[in-house]
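On a predicted model such as this, the values are computed, not experimentally measured, just so you know. Just the heavy atoms: all of them, side chains too, but no hydrogens, waters or symmetry mates, feed the values below.
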2 protein chains.
Amino acid sequence: MHTQTITAPATHALNAPHAPVSPPADQFSIIASCSGVIAIEFSYRKDEEIYGEGEPSEYVYQVIRGAVRTYKLLTDGRRQIGAFHLAGDVFGLDPGTSHRLTAEAITDTTVRLVKRRSLETAAGSNIRVAHNLWTMTASDLRHAEDHMLLLGRKTAMEKVATFLLEMDRRLANAGMMALPMCRRDIGDYLGLTLETVSRALSQLNEQGILVFSSARQIVLRNRQRLADMDA
Amino acid sequence: MHTQTITAPATHALNAPHAPVSPPADQFSIIASCSGVIAIEFSYRKDEEIYGEGEPSEYVYQVIRGAVRTYKLLTDGRRQIGAFHLAGDVFGLDPGTSHRLTAEAITDTTVRLVKRRSLETAAGSNIRVAHNLWTMTASDLRHAEDHMLLLGRKTAMEKVATFLLEMDRRLANAGMMALPMCRRDIGDYLGLTLETVSRALSQLNEQGILVFSSARQIVLRNRQRLADMDA
DNA sequence: CGCGGACTTGAAGTTAGTCAATTAGAGTGG
DNA sequence: CCACTCTAATTGACTAACTTCAAGTCCGCG
């Protein structure tokens, strides 16, 4: 962690510029303000660990700017990324005493965090906070259910098509998508190797479905054909 | 649905014989009794649909006896089973207005169900109910996270080993496991074909790690070697 | 019993993975 | 500003794992 700023928990201070806050983020802001919980900002450098699998879950986080990957490892190093967390997203909300995945900054990242214990306390007296915690967890579950279908049953091309549509929805700006993560991260998210991801992207480029400004700057030219590929 | 019995919501009536009720089930019973919510029993025949993906989620269910699969389909029929629900397990708790997976009885199955709306009401006034709903959803999320790792990164043999250990833990009785589901269901749960599942089981049998009484009656002879395979 | 679905097993085919070489690009320092 | 370096990404050739297709066998149920 490199910087530390105690901020007022007022909602207006919490939205990152150009990062429209999604429903979970709104819920997080409501929680933070309703309960008088103290929100703190921290920054992490690229590839820095935010918390590790199995560590006590002391805080809940919201991405202010940057991007975070959460993943599980097998003993031999095989990695499954469960989700990418972008500006506005909440992560680290693992009910129970410990984190079930490791969280790392993909790029230099600033997060807002609140003490998990104070959230639990707030939930104990404020039914709205309790409800929001539930729906945030439920929305993680929905994503996981969709992702199990992708991992278990989609082909490489379908996986990449789904990924592009997801990222387009979540971080496209003026039609352009600036991916924060490398090909290996994408592969570990989709259950593929980085080479297979690269080949699928090249093929979509050849077909004119997307255009590269650079390897990580992508413009989708035909979302419909991409959606058709997505099974 | 074939039988319908309105039952008293008392906890003692809800536990299936020889099926120790797991924590989520306890929570469900607490909810049902604390809130005065009416619990009803229904039975479904083998392969009967309990609810469909996208349908309004009117009820939440607990398996009394039998087994249930919940799954998602792709347009061409490829299927991903997200979870198997055995005696004591709660399913259908999808926060939001509609079910995100389809639920079907694997064998003839009896469930207890409560109106989702009455749960929400109870959660609005009873913080303990709200907390239980959250932790039940969180426990589904934990399973989904573990399963993403399996689907995305484990080999066929590792998947089958994990499956056997999970089922052994959840339904072994006197060291014997009576699987309610067919090889195709197992394959669709593990992201494999039924043939690959069959071959892996045969190989474990040849190695003396398990013994078949019949195709679905399995005794694990060496849990340690199975755990070693599970990565 | 004997029918029919479930399961097993074999052989061939396909997809994605592995290994390896090359290219592109970002960041650094002269 | 440009050369250098190092990592990320691409691409190719080959391999391995799993799927597909196709017989058979088992066995649970009428």
Side-chain angles (χ1 to χ4, degrees), chain A residues 45-47 67 69 74 76-80 106-108 150-164 177-207 210-218 229 231, chain B residues 45-47 67 69 74 76-80 106-108 150-161 163-164 178-207 210-218 229 231:
Chain A
R45 289 230 185 85
K46 178 173 152 61
D47 296 326
R69 58 182 169 247
L74 293 176
D76 63 359
R78 278 173 289 170
R79 181 178 68 156
Q80 179 62 47
I106 295 173
T107 59
D108 290 354
L150 176 147
L151 291 169
R153 286 301 181 218
K154 290 189 183 179
T155 65
M157 187 54 83
E158 288 166 351
K159 287 176 176 182
V160 171
T162 305
F163 170 77
L164 288 170
M177 196 175 358
L179 297 176
M181 72 293 282
C182 66
R183 297 291 188 264
R184 180 175 296 279
D185 286 345
I186 299 172
D188 285 351
Y189 179 57
L190 300 178
L192 298 171
T193 60
L194 64 94
E195 292 94 333
T196 299
V197 172
S198 179
R199 277 184 252 269
L201 291 172
S202 296
Q203 195 181 323
L204 292 169
N205 182 40
E206 282 162 26
Q207 294 174 346
L210 60 80
V211 176
F212 290 106
S213 312
S214 69
R216 298 196 192 176
Q217 305 269 332
I218 297 177
M229 288 186 153
Chain B
R45 288 228 186 88
K46 178 172 152 62
D47 296 326
R69 58 185 168 245
L74 293 175
D76 63 358
R78 279 173 288 171
R79 182 178 67 156
Q80 179 61 47
I106 295 174
T107 58
D108 291 354
L150 176 147
L151 291 170
R153 287 301 181 217
K154 290 190 182 178
T155 65
M157 188 53 84
E158 288 166 351
K159 287 175 176 182
V160 171
F163 170 77
L164 288 170
L179 297 176
M181 72 291 284
C182 66
R183 297 292 189 264
R184 178 175 297 280
D185 285 344
I186 299 172
D188 285 351
Y189 179 60
L190 301 177
L192 299 171
T193 59
L194 65 93
E195 291 93 334
T196 300
V197 172
S198 179
R199 277 184 252 270
L201 291 172
S202 296
Q203 195 181 325
L204 291 170
N205 182 40
E206 281 162 27
Q207 294 174 346
L210 60 79
V211 176
F212 290 105
S213 312
S214 68
R216 297 195 191 178
Q217 304 269 332
I218 297 177
M229 288 187 155

Main-chain N/O of [Y] paired to [X] side chain as donor or acceptor, under 3.5 Å:
X	Y	value
A:Arg153	B:Leu74	no
B:Lys159	B:Leu190	yes
B:Ser202	B:Ser198	yes

Within the supplied structure, the quantity of interest is the number of heavy atoms (other residues, nucleotides, ligands) at a distance under 6.0 Å from A:Arg184 CZ; does it exceed 12?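 Result for CZ/A:Arg184: open.
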
Kindly determine whether B:Lys154 and A:Gln80 satisfy side chain to side chain contact (heavy atoms under 4.5 Å, CB included), including the steps that lead there. CA-CA 10 Å; B:Lys154 290 190 182 178; A:Gln80 179 62 47; over 6 Å; no

[X] [atom1] to [N] [atom2]: how many Å, rounded?
X	N	atom1	atom2	answer
A:Arg216	C:dG25	CZ	P	13 Å
A:Lys46	C:dA26	NZ	C1'	11 Å
A:Leu151	C:dT15	CG	P	20 Å
A:Leu204	D:dT11	CG	C1'	16 Å
A:Asn205	D:dT11	CG	P	8 Å
A:Leu190	C:dA16	CG	C1'	13 Å
B:Glu206	C:dG10	CD	C1'	13 Å
A:Gln217	D:dA8	CD	P	17 Å

One thing to verify: whether B:Asp108 and B:Arg45 come together as a salt bridge, which I'm taking to mean a side-chain N less than 4.0 angstrom from a carboxylate O. no

Before accepting this row, confirm whether a basic side-chain N of the pair B:Asp188/B:Arg183 lies closer than 4.0 Å to the acidic partner's carboxylate O. no

Got a second to check how far B:Phe163's CZ is from B:Leu201's CG, nearest 0.5 Å? 8.0 Å

Just to be sure I understand the geometry, which residues of residues 181-189 of chain B put a non-hydrogen atom under 4.0 Å away from DNA chain C? B:Cys182, B:Arg183

In degrees rounded to 10°, what angle is found between the helical axes fit to the five outermost pairs at each end of the helix from C:dC1-D:dG30 to C:dG30-D:dC1?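 The angle separating the two end axes equals 40°.
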
Sequence-distant partners of A:Arg199, side chain to side chain donor-acceptor pair (under 3.5 Å), two or more places apart: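 Per chain and number, A:Arg199 pairs via side chain to side chain donor-acceptor pair (under 3.5 Å) with no residue.
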
Residues A:Gln217 and A:Ala178: closest non-hydrogen pair is NE2-CB, 3.7 Å

Can you give me the closest heavy-atom contact between A:Leu164 and A:Ile218, atom names plus distance?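 Looking at all heavy atoms of both residues, the closest pair is CD2-CD1, 4.3 Å.
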
A:Leu194 or A:Arg153: which one's nearest nucleotide on DNA chain D is closer to the 5' end? A:Leu194

Sort me out a list of protein N/O and nucleotides 22-29 of chain D N/O pairs below 3.5 Å, or just none if empty.
none

Heavy-atom side-chain proximity of A:Leu194 to A:Ile186 below 4.5 angstrom: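 Contact flag for A:Leu194/A:Ile186 side chains = no.
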
Taking the side chain as every heavy atom from C-beta outward, state whether B:Ile106 and B:Asp47 have any atom pair closer than 4.5 Å.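 Sidechains of B:Asp47 and B:Ile106: no contact.
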
Short side-chain N/O contact to D:dT11 OP1/OP2 from A:Ser202, under 4.0 Å: yes

Holding to salt bridge (Lys or Arg N to Asp or Glu O under 4.0 Å), I want the full list of residues that pass it with A:Arg78, two or more places apart in sequence or in another chain.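 A:Arg78 satisfies salt bridge (Lys or Arg N to Asp or Glu O under 4.0 Å) with A:Asp76, B:Glu158 once adjacent residues are dropped.
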
Could you list the protein-to-nucleotides 13-18 of chain D atom pairs, N/O on both sides, closer than 3.5 Å?
unit_1, atom_1, unit_2, atom_2, d
D:dC18, OP1, B:Ala156, N, 2.8

